[in-house]
Amino acid sequence: MTKVLIATEKPFAEKAISQITSVLNVDGFEIEVLERYSSKDELLVAVKHADAMIVRSDIIDKEVFDAAEKLKIVVRAGAGYDNIDLETATKKGVVVMNTPGQNSNAVAELAIGLAIYGIRNMFLGTSGGELRGRHIGLHGYGYVARNVARIARGFGMNPVVFTRYSKSQAVSEGLSLAGSLEELYAMSDVISIHVPARGEHIKSVSYEVLQHLKPNAIIVNTARKEVINEEELMHFMRFRPDVKYLSDIAPDAASEFEKKFKGRFYFTPKKMGAQTAEANINSGVAAAQQIVNFINHGDKTFQVNK
Ligand code: 3PG
């Protein structure tokens with residue numbers, strides 16, 4: 001029997017669990033669901049006899065890998081896999097995959113939602129602005145940013161992109177490219193961040209870049225807190241009272257941001273970007289299918305620890 005553990009501190013929608021279960025309802029597979037666990041010990045016990053695991057932002061570190069006696073594959077139902085210790089996984093011969101693109105529309109819709117919340121002055125009753133006619137700068141051009149561009153165009157916005165890796169994709173979609181991050185920030189009324197928490201992207205939203213922002217700019221972060229240089233953002237916002245920052249994750253210094261930037265700082269209490277039934281179904285079902293394909297056929301498509 002292949003035991004598949006679904007370990008999600010932030011649970012999938014019920015509908016998603018039933019569809020994931022149907023995918024895994026094939027000969028030789030059994031499922032255990034560990035949702036809303038409140039201590040790491042529960043995860044360490046549950047993973048002991050698991051052959052495969054589906055997770056979300058759950059921290060899968062060395063301790064978890066050490067506790068797993070038979071683990072062969074971990075699928076992160078989502079895009080970012082910065083929560084998984086890839087080095088340890090590789091050392092232990094565990095395949096790690098993600099499910100790219102599956103939850104990207106949900107995250108993109110939230111990015112636009114945050115932009116509206118920001119431009120309408122956090123719905124506090126004062127007269128705000130409109131998105132139509134404004135430039136939205138896409139910092140990074142992966143699946144989420146592509147959906148943001150599509151939705152933004154529907155709002156009559158002008159998307160501009162800065163990307164090192166997906167230039168031809170953006171150009172083929174008729175989008176304008178900024179030559180540098182500084183240029184992107186200088187051109188945009190709304191900046192929407194869509195880069196992963198690794199390599200050159202860590203702390204890439206720095207003072208150096210922020211100082212180019214237009215008056216009344218809105219920064220929307222549905223990516224990761226690690227891509228922001230928090231100290232420098234705080235420093236910048238102190239002398240630019242026109243700038244707003246809305247984030248789908250608490251910064252490390254959340255309480256300081258809240259105290260200092262009332263009315264122009266907002267963060268979701270829990271990461272909400274992919275928290276829709278549709279995104280849960282798409283990414284959960286894809287994760288389950290990838291596990292079946294790997295266990296039954298050795299299919300390693302979407303492996304991220306090669
Ligand atoms: C992702 O990387 O796919 C998103 O940040 C969603 O994360 P979540 O599954 O923890 O909501």
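Order of appearance sets the numbers: ligands from 1, and atoms from 1 within every ligand.
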For ligand 1, which atoms have a heavy atom of [X] less than 4.0 angstrom away?
X: Arg224; answer: 1 (C), 2 (O), 5 (O)
X: Lys10; answer: 8 (P), 10 (O), 11 (O)
X: Gly78; answer: 3 (O)
X: Ser57; answer: 7 (O), 8 (P), 10 (O)
X: Gly80; answer: 1 (C), 2 (O), 3 (O)
X: Asn103; answer: 1 (C), 3 (O), 6 (C)
X: Ala274; answer: 6 (C), 11 (O)

Problem - Mutual orientation of the aromatic rings belonging to Phe239 and Tyr207 [parallel < 30°, tilted 30-60°, perpendicular > 60°] - result: tilted

Practice task
Using a strict 4.0 Å threshold on nitrogen-to-oxygen distance, state whether Lys260 and Glu256 make a salt bridge.
Solution key: yes

Practice task
For Thr126 and Arg120, test the side chains for any donor-to-acceptor distance below 3.5 angstrom and give the result as yes or no.
Solution key: no

Problem - Distance-only polar pair, side chains of His194 and Tyr143, donor-acceptor under 3.5 Å - result: no

Handout entry: Listed partners of Phe29 passing ring-ring contact (aromatic ring centres under 6.0 Å, His included), at least two apart
Key = none

Problem - Contact (N/O only, under 3.5 Å) between Ala79 and ligand 1 - result: yes

Practice task
Identify which of Arg76, Lys271, Gln275 has a heavy atom lying nearest to atom 7 (O) of ligand 1.
Solution key: Arg76

Practice task
Could you tell me which residues satisfy side-chain hydrogen bond (donor to acceptor under 3.5 Å, both in side chains) with Asp66, sequence neighbours excluded, listed by chain and number?
Solution key: Lys62, Lys92

Completion exercise
Partner of Leu213 under side-chain contact (heavy atoms from CB on, under 4.5 Å), picked from Ile218, Asp242, Ile219, Asp189, is Ile219

